[in-house]
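Owing to the predicted nature of the structure, the values given are computational and were not obtained by experimental measurement. Counting starts at 1 for both ligands and their atoms, in listed order.
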Amino acid sequence: MSELFISGGIVIDPEIDGRIRADVWIRDGKIAAVGQMPVPENAQVIDAAGRFVCPGFIDPHGHIDGHEYTGELSLLQGITTTVGGNCGFSPLDIENFFENQKAFPIHQAEMIGMCALREAAGVTDPFRAADEEQADRMAQLCERALMGGACGVSLGPAYTPGSSILEMQTLCRVAKAHGKPVSIDTRMNSMTDLDSLQEAIDLAAHSGCRMIVSHFVYQYGVGVEDEAMAMVERARGMGIDIVFDSGMYKDWCSSIGAALFEPGIMRANGIELHHLRMITGEHIGVVPDEALYAHLREEHPHDAVVVNTGSQRAVYAIAKNPLCMISTDTGAYMPGEGHPQIAGSFPRFLREMARERAELSWEDAVAHITLWPAQVLGLDKKGRMRAGCDADLVIFDPETIADHADFPGLGMPNAANEGLDCVIVAGEIAAKNGCATGAMAGRPVRI
Ligand SMILES: [Zn+2]
């Protein structure tokens, strides 16, 4: 296997909370040494003078699930490990999924999703709760997925409003028994309602599981973000293990056919048609009127839509909270389609939070997107700059790192980022100067 030598960069090691001028030697997919040293004989040298060298970014919340195009867009924003299967949607057979994902642009870990479990247990109506027998069946299938390497369980009551506390509690207990976290896409009762967050806190309190509240800004970023974060902090003060992930955009995304876009639920949430913009399908880029909305719900329920009801202030307030993991919520899109989060999230986080707004030091910003998610997810060999850890690394220019992706109709959702010199996955150069090399060094992350 090839050896790499990253020469003369500024290494940001999130475990020591500081930066050092050091070389990094990579051998057999692992970090062999960090420090000042002579160039090893057979190593390919990468000159990183003036650049930051840090662990590859970890995206704790996505929906790539083996989709290669968005896997590559993740790589091009510096993500070396993604967590799929979120919001309740995942493959049911995780072992089989991993078998089919041997070569991929980045590493994939996978949650087992509640919606997949409900379907397999015969609960087809999203507005109905699973009965006891069905909940038992869900628990068995969940157990099997966790034994097969799933990294946790994802709950999606936002998409299955009928799911009961009992069935979610059962899945939380299974996760706890396996020492794995649970993520939850909280219910959308109304945009400013915090009962849905209390439900997540209660689930964590009663099961003892580690709870990750998904895309916090999309759930609570409409003026209740401070109170929502205070609730999480109070819960932690009582010994409840709860954290959250959040993105860098205020506009959240779903499919137009989802229960969230039932007229009654829209009204309850103060969502109006002018808040919507289609980001896939034949009406891409369009803000729908009444007739188009009805047509899309009827004929194209899977077309994706963004809703711009959030606030930019909330994005920043949440992103700088030490409990926050930065996430993309990326999905399976075709070129030209989708939310800019699929391409720009992590460079945007570094540009806005570290360079332009200085809300976080560079060291804190890097820790936020490397060590912290690795700790939450139990990835012991990732997110760290130590010898023996996985050689998933990013080399970037702090002066120029920037995102350029925008919403369809306003710009390109897959516009290239700037300032990311090199992304290394499992010791191989997977992206260079903004272009994928085709290395396909990503592997399943079985936990
Ligand atoms: Zn999601």
Quiz item: Taking the Zn ion (ligand 1) as the vertex, how big is the angle to NE2 in H63 and NE2 in H61, rounded to 10°?
Solution: 110°
Self-check item: Candidate pair C151 and E110, rule side-chain contact (heavy atoms from CB on, under 4.5 Å), full reasoning
Solution: CA-CA 6 Å; C151 66; E110 200 73 13; 5.7 Å; no
Practice problem: Find out whether the Lys NZ or Arg CZ of R443 is both under 6.0 angstrom from the six-membered ring centre of F104 and within 45° of the ring's axis. | Solution: no
Practice problem: Could you list the residues that satisfy side-chain contact (heavy atoms from CB on, under 4.5 Å) with E363, not counting sequence neighbours? | Solution: I12, D17, R19, S361
Quiz item: N/O/S atom of D185 under 2.8 Å from the Zn ion (ligand 1), yes or no?
Solution: no
Quiz prompt | For F97, ring pair (Phe, Tyr, Trp, His ring centres under 6.0 Å) partners two or more places apart | solution = none
Quiz prompt | N/O/S atom name from D329 that is nearest to the position of the Zn ion (ligand 1) | solution = OD1
